Amino acid sequence: MNPLLLQYLPEIEVKNLRDIDRQVAMQMLQWELQASAETEPHTLQLLAMASVMVSVALGKGQVCLPLTSCALPEWREFWSEHSLLASSQLAACRTVYVAEADPKTAVGEFRDYAQQPLVLHGNNLYLARYFFYERGVLTQIHQRLAQEPALKDTELTGTLTQLFGDPGAVNPGAAGSGAASSEAVVDWQKVAAASACIRNFAVITGGPGTGKTTTVTRLLSALLSQNPQMSIALAAPTGKAAARMTESIRGAKLRAQQSGEKSLPFAEQIPDDSYTLHRLLGWSPRGFRYNANRHLPFDCVVVDEASMVDLPMMYHLFQALAADTRLILLGDRDQLASVEAGSVLADLCDAGVQHGPDSAFAQRLQQLTGFDLTAVTEGSVSPMQNAVASLRVSHRFTADSGIGQLAAAVNNSDIARADQVLRQFADVRFVAVNPLAEQPFWQQPQWQQALVDGYRDYAEALRAFAADKAAANDVFSAFNRFQILVALRQGPYGVEQVNQRTERLLQAAGLIDTRASASGWYAGRPVMISRNDYDLGLYNGDIGIALPLTDEQGRQTLKVAFPDADGGVRYLLPSRLPAHETAFAMTVHKSQGSEFNHLCLLLPEQWQSVITRELIYTAITRAKKTFSLFGSTACWQQGLNTRVQRASGLREALWPQR
């Protein structure tokens, strides 16, 4: 480490400190010493430590460093003695831009503080770029919340009744959902659609099976009834999520068509193809094609799986929208946050707290929908409370569904209830992995049997394809019936080693033949793309399967099949693929936007900080029929007691009275 840095850092060993963390501190110290020769040594020490910790926090997905906390356990005692002085002393540094405290203040242009690499806003210290992103998102939200689209409420009321039915009908999903009786007669999908119709910016959040796609399809139909010329774009963070959104919208339109043409007015004008956000904004190495100077040519943009959208991408999305363009975000606020910095959807919804509309907005919703929302109405607590609509009834999981009950218990960190559900219901189970057992988990019979049973249909589909008795789509359908999810990337419980052991197990069981090629490619190898390739139209998270194709001369070639947006399949040579990895097992993060009939979650023997309530909840809610958990009891319980804590100023600015 550079002697300049050592001079101002306490002599405390720091484990796993990245080179970039050290480099950030070096740059800040060098800048400060060049800008001022009068900065006191103690202030330089605080600056060096804070700079390291801002970088560490950003690497953990946090947007900023609250000066009352410490991002490094090794420095906790030292920092606690000095943190009370940190704010005032750092504010005196030439490196630090001190931002105005008013959260509604427009951020202005980046040049206002571009010359200072750190920003101190209240008690939060930012790298300047991330403060710029956060303030930019806040400014856009406040501007959109202040606008209200011109709509004819009388016509909208009739359209909503046509789309969702008469308010006298009881919501059929409420009885099995555990909803309170005061909420059981409310059609929350209709309420959410009405709420989004009368806002230029709206968030619709709900757990699995609550009908987010059904709601947005009918919502778009209602908006088109008011403005038939409205142009719409559908988008999602990843190619996989975009493909699933396309499938869901097409399914909703098909069901409406089968039930009668009038059940979904203007259905033909609702797009059934989706963009990735990068493709929507026109990403290139030079930046985004659509930005603050060139807006997207759409009147309404809908983004699914919004929990996966990080702060920088949300900023770029807002910048690319015209002032009167509607933005509707869909997602589950309780799922894992984005891989990169920020937890934007959770911050927008104040995740962990259930909010309702204020009395004036609730009264307007009642006029539009016919439902009395008195039971969920609350006083004025946030400008966001009327922009967030929660879908509260699951139509997928009924009272006899263990998956729904387990997800609810996990979401409440209720260990006792979760353990009860695992014992009581047939569709969920917990298989304890004993760290003291003579056999490692991959040799234990229950684990091996679960994998062989899970991938048996897939193996049969592969044999049928090779015998010309099945289509590639049948192979994909069989593959999606079962999936292994893991929490880690490295180690015996990490995705790399679990994939290797799964291949060997399926080979030994005669389900696949991995010996066909020394290159590592074999018929049936599933792969996940890990880097976007815009020329090939392949995106991070896309799944492909290697399949044997026979040409007209009878020669067999192995190619990788990928589903396309039109329901067909395209084939690529393995050598053409961008970075990829085997996908019998995938991380929970990579599974977002997917669903599987049967799912196995593998947790390690020892708890690690990445294993949180949100990660476990996300894994459970990927399963549609059965869920199996393999892991140690200690890791499972510690995970349920651990929440993702991502520091940002977004939530405290949007929910000041929470």
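Please read these numbers as outputs of a predicted model, since none were measured by experiment.
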Evaluate the ring planes of Phe288 and His316, with Trp represented by its six-membered ring, and classify them as parallel (under 30°), tilted (30 to 60°) or perpendicular (over 60°).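 Rings of Phe288 and His316: tilted, as their planes differ by 30° to 60°.
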
Please work out which of the three classes, parallel, tilted or perpendicular, describes the rings of Tyr455 and Phe584, given edges at 30° and 60°.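 Rings of Phe584 and Tyr455: perpendicular, over 60°.
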
Donor-acceptor pair, distance only, cut-off 3.5 Å: does the side chain of [X] make one with the backbone of [Y]?
X	Y	result
Gln189	Thr210	yes
Lys212	Gly206	yes
Ser591	Val588	yes
Arg279	Gly537	no
Thr205	Arg333	yes
Thr238	Ala241	yes
Asn227	Leu223	no
Arg429	Ser628	no
Gln366	Asp372	no
Arg244	Glu595	no

Is [Y] close to [X] at the side-chain level, that is, under 4.5 Å between some pair of heavy atoms?
X	Y	answer
Val137	Ile141	yes
Ile616	Trp636	yes
Leu145	Arg199	yes
Leu348	Leu654	yes
Leu327	Leu317	yes
Met314	Leu329	yes
Arg392	Val186	no
Ile204	Leu391	yes

Please confirm whether the ring centroid of Phe318 lies under 6.0 Å from the ring centroid of Phe201.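 When the ring centroids of Phe318 and Phe201 are compared, they turn out to be within the sub-6.0 Å range.
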
Are His355 and Trp655, when compared by the centres of their aromatic rings, separated by less than 6.0 Å?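 Yes.
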
side-chain hydrogen bond (donor to acceptor under 3.5 Å, both in side chains), paired with Gln405, selected from Gln420, Gln424, Arg417: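 Looking at Gln420, Gln424, Arg417, the match for Gln405 under the side-chain hydrogen bond (donor to acceptor under 3.5 Å, both in side chains) is Arg417.
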
Name the residue from Thr621, Asp334, Asp332 that meets the side-chain hydrogen bond (donor to acceptor under 3.5 Å, both in side chains) definition with Asn411.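 Of the listed residues Thr621, Asp334, Asp332, the side-chain hydrogen bond (donor to acceptor under 3.5 Å, both in side chains) partner of Asn411 is Asp334.
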
Could you go step by step and tell me if Leu160 and Leu368 meet the side chain to side chain contact (heavy atoms under 4.5 Å, CB included) rule? CA-CA 8 Å; Leu160 291 172; Leu368 290 169; 4.3 Å; yes

In Å, rounded to the nearest 0.5 Å, how long is the span from [atom1] of [X] to [atom2] of [Y]?
X	Y	atom1	atom2	result
Glu155	Ser225	CD	OG	9.0 Å
Ser380	Asn386	OG	CG	8.0 Å
Leu601	Phe430	CG	CZ	10.0 Å
Ile232	Gln269	CD1	CD	8.0 Å
Ile620	Ile403	CD1	CD1	9.0 Å
Leu281	Tyr290	CG	OH	9.5 Å

Quiz question: by atom type and distance under 3.5 Å, do the side chains of [X] and [Y] form a donor-acceptor pair?
X	Y	result
Ser382	Asp350	no
Arg144	Gln147	no
Asn200	Asp324	no
Ser390	Gln354	yes
Asn641	Ser413	no
Thr246	Ser274	yes
Gln335	Arg622	yes

Of all the heavy-atom pairs spanning [X] and [Y], show the shortest one and how long it is.
X	Y	result
Gln162	Pro265	NE2-CG, 3.4 Å
Val388	Cys349	CG1-SG, 4.0 Å
Ala407	Tyr617	O-CD1, 3.6 Å
Ser401	Phe425	C-CD2, 4.0 Å
Ala222	Cys197	CB-SG, 4.0 Å
Met528	Ala583	N-CB, 3.9 Å

Only one of Val495, Ile543, Leu485, Asn540 clears side-chain contact (heavy atoms from CB on, under 4.5 Å) with Lys590; which?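 Among the candidates, only Asn540 passes.
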
Which one of Val410, Thr642, Thr618 satisfies the side-chain contact (heavy atoms from CB on, under 4.5 Å) criterion with Arg613?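 Exactly one option meets the side-chain contact (heavy atoms from CB on, under 4.5 Å) with Arg613, and it is Val410.
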
In terms of heavy-atom contacts, does CD of Gln226 have more than 12 from other residues, nucleotides or ligands at under 6.0 Å?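 Count over threshold, so yes.
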
More than 12 heavy atoms of other residues, nucleotides or ligands under 6.0 Å from CD of Gln363: is that the case?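 No, not enclosed.
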
The test is side chain to side chain contact (heavy atoms under 4.5 Å, CB included); show your working for Val475 and Tyr458 and say whether it passes. CA-CA 6 Å; Val475 179; Tyr458 177 57; 3.6 Å; yes

Val339 and Asp310: side chain to side chain contact (heavy atoms under 4.5 Å, CB included), yes or no, with the steps? CA-CA 7 Å; Val339 176; Asp310 57 51; over 6 Å; no

Stepwise, does the side chain to side chain contact (heavy atoms under 4.5 Å, CB included) test hold for Thr213 with Ile249? CA-CA 7 Å; Thr213 304; Ile249 293 286; 3.9 Å; yes

